[in-house]
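All values reported here derive from a predicted model rather than from experimental measurement. Lettering of chains follows the sequences in order, A, B, ..., and the numbering in each one begins at 1.
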Amino acid sequence: MKIATWNINGVKARIDSLLTWLGEAKPDVVCLQEIKTVDDGFPVEAIENAGYNVAVHGQKGFNGVAILAKTRIEDIVRGLPGDPADEQARYIEGSVTAGHRSMRIGGLYLPNGNPLGTDKFAYKLAWMARLNAHARALLATEQVFVLAGDYNVIPEPVDAKSPKDWLGDALFQPESRQAFQRLLALGLTDAIRCGHPGAGVYTFWDYQAGAWQKDNGIRIDHLLLSPQAADLTNASGIDRYTRGWEKPSDHAPAWVELAD
DNA sequence: ATGCCTTGTCGCACAAGA
């Protein structure tokens, strides 16, 4: 089963690219972030015609996440547990079953957190603490699960072409990186890092200053696997070629292939 | 040091992204 994550930066602006990529990459499950639409605006029909079921957690103008799956999506939860007052659409979770195997999929869009010293950065760290608590609850069930999405965290210097450029950025703050490490310390596996231990493995290239042309990227989209999922891993990768398309998202899809 | 692009918005400039 191939599970992918893609910050698509506007699903309505990117629907043609999404359909092309679905046809080529043929993922079984896709977590989308930054769909930038309310539920009613999501292009459900076009995606269903491509052979996918849809679960959406949208928001007007910003944020918004969704899960697409070739199989049924069951027991859907919208919103990250832990703060009923949080109205930002950044988390959706559901179960998919392929053959005899069932797994839980969490799709997340972690807050950017810039600029430092504002409530935005505090919100990012609070959100990461909630994610940690929720990951612990999922781990206690001992099931196969994947937490996939735009984490907005550069885990290590090797995950940036030019680490010094990010020293003052929320994505590369010690607090952000430590919170990410605390997720790994729970026993989760960073699927992309595990399969691609070297440098130059990026998922995001800024639109500005020719970042793509210079390969000035960062790795901020991650798939974290439960131990039961990590045991099934066959391969992982980044479909960076989509970043070279016309009107691209600034993120490329990342994926992991688990044994059926 | 700043903007560099891109999307969406009750557009005609701005917020937010990273």
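When the nearest nucleotides of DNA chain B are assigned to W166(A) and P248(A) by heavy-atom distance, the more 5′-ward of the two goes with P248(A). Residues N63(A) and K247(A) both approach DNA chain B. Their nearest nucleotides, taken by heavy-atom distance, put K247(A) toward the 5′ side.
Protein atom OH of Y109(A) is 8 Å distant from nucleotide atom C1' of dA16(B), rounded to whole Å. For the pair N112(A) CG and dT7(B) P, the interatomic distance rounds to 18 Å; values are reported in whole Å. Rounded to whole Å, the distance from CG on D16(A) to P on dT7(B) is 13 Å. Taking atom OH of Y123(A) as the reference point, atom C1' of dA16(B) lies 14 Å away to the nearest angstrom. Atom CZ in F62(A) sits about 15 Å away from atom C1' in dA18(B), given to the nearest Å. Atom CG of N7(A) is separated from atom C1' of dG17(B) by 9 Å (rounded to the nearest Å). Between the CD atom of Q88(A) and the C1' atom of dG17(B) there is a distance of 12 Å, given to the nearest Å. Regarding Q208(A), its CD atom lies at a distance of 7 Å from the P atom of dC4(B), rounded to whole Å.
Backbone-only engagement by D150(A) is indicated by non-hydrogen atom pairs under 4.0 Å involving sugar-phosphate atoms exclusively. When heavy atoms are screened at a 4.0 angstrom cut-off, A13(A) is found touching the sugar-phosphate backbone but no base atom. Among the protein residues, N152(A) comes within range of the sugar-phosphate backbone only, with heavy atoms under 4.0 Å from sugar or phosphate atoms but none that close to a base. Heavy atoms of K120(A) sit under 4.0 angstrom from primed sugar atoms or phosphate atoms, though from no base atom. Using a 4.0 Å heavy-atom distance criterion, R90(A) is classed as a sugar-phosphate-only contact.
Spacing between dC12(B) and dA16(B) at atom P, rounded to whole Å, works out to 15 Å. Taking atom C1' on both nucleotides, dA18(B) is separated from dT2(B) by 16 Å, rounded to a whole Å. A distance of about 16 Å separates the P atoms of dA13(B) and dC4(B), rounded to the whole Å. Distance noted for atom C1' between dG11(B) and dA15(B): 13 Å (whole Å). Between dC14(B) and dG3(B), the distance separating the two P atoms is 12 Å to the nearest Å.
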All N/O donor-acceptor pairs, side-chain side in residues 103-111 of chain A, below 3.5 Å, sequence neighbours left out:
from: R104(A); atom 1: NE; to: E93(A); atom 2: OE2; distance (Å): 2.8
from: R104(A); atom 1: NH1; to: D75(A); atom 2: O; distance (Å): 3.0
from: R104(A); atom 1: NH1; to: S95(A); atom 2: OG; distance (Å): 2.7
from: R104(A); atom 1: NH2; to: D75(A); atom 2: O; distance (Å): 2.9
from: R104(A); atom 1: NH2; to: E93(A); atom 2: OE2; distance (Å): 3.1
from: Y109(A); atom 1: OH; to: E34(A); atom 2: OE2; distance (Å): 3.4

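With hydrogens and angles ignored, no donor-acceptor pair under 3.5 angstrom links the side chain of D169(A) to the base of dA18(B).
Evaluation of the ring pair (Phe, Tyr, Trp, His ring centres under 6.0 Å) test over residues 135-189 of chain A, restricted to residues two or more places apart or in two chains, returns Y151(A)-F180(A), Y151(A)-H222(A), F180(A)-H222(A). Screening residues 226-260 of chain A for ring pair (Phe, Tyr, Trp, His ring centres under 6.0 Å) gives F204(A)-H251(A), Y241(A)-W245(A) as the qualifying pairs, with residues at least two apart or on separate chains. The list of ring pair (Phe, Tyr, Trp, His ring centres under 6.0 Å) pairs with a residue in residues 44-83 of chain A, not counting sequence neighbours, is empty.
In this model, the phosphate group of dA18(B) is approached by a side-chain N or O of H251(A) to a distance below 4.0 Å at OP1 or OP2. An OP1 or OP2 oxygen of dT7(B) is reached within less than 4.0 angstrom by no side-chain nitrogen or oxygen of N9(A). Distances shorter than 4.0 Å separate some side-chain N or O of R14(A) from OP1 or OP2 on dT7(B).
Minimum interatomic distance between R219(A) and P155(A) (heavy atoms only, all atoms of both residues): O-CD, 3.4 Å.
A donor-acceptor pair shorter than 3.5 Å can be found between the side chains of Y123(A) and D86(A).
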Test side chain to side chain donor-acceptor pair (under 3.5 Å) applied to Q33(A) and T5(A), step by step: CA-CA 8 Å; Q33(A) 301 88 40; T5(A) 176; 2.9 Å; yes

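Classification of K247(A) and D16(A) as a salt-bridged pair fails, no side-chain N sitting under 4.0 Å from a carboxylate O.
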I'd like a list of close polar pairs between nucleotides 9-11 of chain B and the protein, N/O only, cut-off under 3.5 Å.
from: dC10(B); atom 1: OP2; to: K60(A); atom 2: NZ; distance (Å): 2.9

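Residues satisfying the side-chain contact (heavy atoms from CB on, under 4.5 Å) test with T141(A), not counting sequence neighbours, are Q143(A).
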